[in-house]
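First up is the structure itself, then whatever we jot down about it.
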Amino acid sequence: FPPEYSFPPFFTRQTNLTTHHAQLIKWSSLVLAYCRHHRLVKLSLSGNPTTTTSNSTTDKKEQDSPHPRDTTELFHNRRLNRQLSLPDIREVISFLRGQGRAEYIDSSSSSTSGGGGGGEEDEAGGGGGDMVWIYWRTPEEWAGLVEGWVEGTGQKGSVLTVYELLEGDGTRGAEFHGLDQELLRKALNVLVKRGKAQIFGQEDSLGVKFF
């Protein structure tokens, strides 16, 4: 955690606009850094346990842990007995959304929604759910990594299943190995829009052809 995490006022909304903007920047940076460090792509705003993604470079102890990660420490410094209020957390998320780095997860459309940014109805923080995508890498950035892997391994013209991309030996060592499946789908949809991939098959056995 950064030094300001041990500073009690960091957890209280600052009234001065300039100071508050700086506070939002610092909180946003902390959320992104925390989620990147623990390879979290979904975050519960109420602190419900969140499952990490993994790849071959992830700490083995964290990979092998069968339990979702408790993320309450992110917004709650128990040593100081201070925590960021839920409305203030939502304001941080709104700030991240404005940068394309967060998106509220809508269970009715999350599997087909695109990159950063959700509906306007939760722009002010209200109406959003508890779970949020945190894009320390955006779907477009993940798409770039997948495209780079395809070109680097000579997979153009090949057909691979989504499972092979996520769990196959061929992608072991790639940054997207072990990634959340919904987020990989978002990245693949970016490649489809670019004319670099085609997705076909049933939901439980999706295939991808790369061009």
State, yes or no, whether a side-chain contact exists between [X] and [Y] at a heavy-atom distance under 4.5 Å.
X: V41; Y: I134; answer: no
X: Q198; Y: V192; answer: no
X: Y135; Y: L183; answer: yes

Same hydrophobic cluster for L188 and F211, using side-chain heavy-atom links shorter than 4.5 Å among ILVMFWY?
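The answer is no; the residues belong to distinct hydrophobic clusters.
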Any carboxylate oxygen within less than 4.0 angstrom of a Lys/Arg side-chain nitrogen, looking at [X] and [Y]?
X: E182; Y: K42; result: yes
X: R39; Y: E175; result: yes
X: E4; Y: R82; result: no

Quick check on Y163: does its OH atom have over 12 non-hydrogen neighbours (other residues, nucleotides or ligands) under 6.0 Å away?
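No, the 6.0 Å shell around OH holds no more than 12 heavy atoms from other groups.
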So with a 6.0 Å cut-off around CZ of F7, is the heavy-atom count from everything else above 12?
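No, the 6.0 Å shell around CZ holds no more than 12 heavy atoms from other groups.
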How long is the straight-line distance from [atom2] of [Y] back to [atom1] of [X], given to the nearest 0.5 Å?
X: L165; Y: L206; atom1: CG; atom2: CG; result: 10.5 Å
X: C35; Y: W136; atom1: SG; atom2: CH2; result: 9.0 Å
X: K186; Y: Q181; atom1: NZ; atom2: CD; result: 13.0 Å
X: L145; Y: E140; atom1: CG; atom2: CD; result: 12.0 Å
X: Q23; Y: L17; atom1: CD; atom2: CG; result: 12.0 Å
X: Q83; Y: H76; atom1: CD; atom2: NE2; result: 4.5 Å

Under 3.5 Å: donor-acceptor pair, side chain of [X], backbone of [Y]:
X: H20; Y: T15; answer: no
X: S158; Y: Q155; answer: yes
X: T171; Y: A174; answer: no
X: D88; Y: L84; answer: no
X: D130; Y: S46; answer: yes
X: Q14; Y: T12; answer: yes
X: W142; Y: R137; answer: yes
X: E151; Y: G148; answer: no

If you measure only the distance, is there a donor-acceptor pair under 3.5 Å linking the side chains of R90 and Y104?
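Yes.
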Say whether E73 and Y34, considering side chains only, have a donor N or O and an acceptor N or O under 3.5 Å apart.
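There is such a pair between these side chains.
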Y5 and ring pair (Phe, Tyr, Trp, His ring centres under 6.0 Å): which partner among F75, F10, F11?
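Of F75, F10, F11, ring pair (Phe, Tyr, Trp, His ring centres under 6.0 Å) with Y5 is met by F11 alone.
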